[in-house]
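Remarks on the structure that follows.
Here the structure is a predicted model, which means the values were calculated and not measured. Sequence lines set the chain letters: A, B, ... in the order given, protein chains first and strands last, and positions in each chain run from 1.
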2 protein chains.
Amino acid sequence: MARKSGSSGEKTRVAVQEAAVTLFAKHGFAAVSMRQIASAVGVQAGALYLYTPDKQTLLYEILKNHMEHLLAAWAAENVSAEASPELRLEQFVRFHIAYHIERPERVFISYMELRNLDPDNFSRIEVLRREYEQIIEGILVEGQAHGCFVIDDARLTTMAMIAMLTGVSTWYREGGRLAPADIAQHYVDMAFRLGGGARLAHAAE
Amino acid sequence: MARKSGSSGEKTRVAVQEAAVTLFAKHGFAAVSMRQIASAVGVQAGALYLYTPDKQTLLYEILKNHMEHLLAAWAAENVSAEASPELRLEQFVRFHIAYHIERPERVFISYMELRNLDPDNFSRIEVLRREYEQIIEGILVEGQAHGCFVIDDARLTTMAMIAMLTGVSTWYREGGRLAPADIAQHYVDMAFRLGGGARLAHAAE
DNA sequence: AACGTAACTGAACAGGCGTGCAGTTGCCAA
DNA sequence: TTGGCAACTGCACGCCTGTTCAGTTACGTT
């Protein structure tokens with residue numbers, strides 16, 4: 001055999017990325033061989049090099065796609081920059097939780113395999129990460145200026161909030177005790193508490 | 001050469017663990033070879049097997065030591081079970097932040113390399129992790145019963161708080177903008193906010 | 001129907017992997 | 001001072017690694 005019947009380059013390209021994502025998430029980048037990826041795709045190892053110049057680039061492309069898609073998805077939410085910081089924080093938290101719950105593997109890889117990027121690729125991804133962090137930091141800073149949030153240290157609160165929100169991907173399992181929408185609601189509440197503006201959202205109390 | 005002059009089994013045993021911790025933290029378990037560890041210790045690869053039966057056990061021992069030491073260190077804080085939940089939460093947060101800031105490598109490995117444990121070792125470590133999580137969950141639940149904390153979902157708040165607190169190890173660098181004690185204070189404040197008991201600690205505002 | 005090219009195989013390369021073990025050396029107790 | 005053991009070397013084993021490439025087959029176009 002050589003070329004498979006019904007084969008198409010684009011289909012295989014996608015299959016390679018998906019197989020790599022699944023395997024990297026389960027075993028880690030360094031622990032997965034090109035032969036394992038190839039076998040998951042149903043192809044010989046050599047064929048992978050039609051789609052990536054090397055293993056390192058395969059990882060980089062996965063992280064880059066993930067971050068760019070994340071940023072584009074937030075942009076597509078079309079949350080107006082003139083909306084109140086409270087509304088924007090609520091929207092952001094719902095978006096972040098939903099996005100992270102839906103793509104556990106890519107999220108996992110994206111902060112687990114950063115150290116396996118070579119320095120150049122690492123700093124390219126860092127730029128995108130920073131850009132994403134700026135979204136929430138901007139909301140908090142503006143909310144503080146408006147007086148609707150009470151924050152001691154915006155940078156530290158940003159880091160704490162991102163850690164708290166992203167943490168959902170370490171324990172969430174499909175079909176668990178809470179539905180995604182309930183989880184999102186709880187995180188909205190907790191984000192408001194952290195921001196010192198515990199009103200809105202849940203109202204009452 | 002064979003035996004080195006001035007050599008002692010116990011010294012080498014410690015050196016092996018420390019070299020492994022440093023290398024695992026920097027490159028990941030799977031990406032580090034026994035030969036690299038040996039070379040960092042100043043020894044040939046074969047000599048490592050005087051101190052560990054295999055690479056897997058070396059990782060397990062590191063995680064186990066870390067978790068046991070963490071639990072023992074908390075116990076040594078001697079925080080009375082009769083103290084108020086507020087006081088206990090404050091003590092716990094200060095302890096957790098200080099501990100995690102002082103041992104970044106071991107902390108990093110302990111949640112990064114869990115998936116590289118074989119199933120038996122994994123569940124042994126999970127028991128210890130659960131035990132640690134119970135400490136904070138217990139404080140929150142009791143505080144809720146006492147009426148000094150206002151919490152919707154204790155389990156979820158626990159996970160959020162642990163993620164927030166442990167997140168410090170992803171960005172903290174020695175000599176950074178904030179001193180450890182300041183960071184701890186901020187995290188105490190934020191923990192109280194999350195727990196819905198924003199009084200105490202910082203007082204005023 | 002013939003041809004070019006896209007898709008893929010299968011073997012090969014040099015090097016690294018975890019681990020085992022016979023042999024060598026330094027240290028300490030008798 | 002001699003024996004025994006603890007500490008370690010150096011090489012070997014079989015296997016796996018990422019990557020390359022000449023050869024083979026299916027598909028799309030002319």
Between A:R129 and A:E126, is the closest basic N to carboxylate O distance under 4.0 Å?
yes

Residue closer to the 5' end of DNA chain D, A:A30 versus B:A45 (nearest nucleotide):
B:A45

N or O in side chain of A:Y51 less than 4.0 angstrom from C:dC8 OP1/OP2
yes

Side-chain touch A:H96/A:W74, heavy atoms, less than 4.5 angstrom
no

Would you call the rings of B:W171 and B:Y187 parallel, tilted or perpendicular if under 30° counts as parallel and over 60° as perpendicular?
parallel

Roughly, in whole Å, what's the span from CD1 in A:I37 to C1' in D:dG18?
11 Å

Does the side chain of B:Q44 get closer than 4.0 angstrom to OP1 or OP2 of D:dG10 through an N or O atom?
yes

Quick one: is A:T12 getting a side-chain N or O under 4.0 Å of the C:dC8 phosphate, OP1 or OP2?
yes

Is any N or O donor-acceptor pair between the side chain of A:R35 and the base of D:dG18 shorter than 3.5 Å?
yes

From CA spacing to verdict: side-chain hydrogen bond (donor to acceptor under 3.5 Å, both in side chains), A:Q44, A:R35
CA-CA 7 Å; A:Q44 293 295 75; A:R35 274 170 252 261; over 6 Å; no

Would you classify B:V41 as touching base, sugar-phosphate or nothing, given that sugar-phosphate means primed atoms plus P, OP1 and OP2, and contacts are heavy atoms under 4.0 Å?
nothing

If you compare every side-chain N and O of A:S33 against the phosphate oxygens of D:dT17 (OP1, OP2), does one of them come in below 4.0 Å?
yes

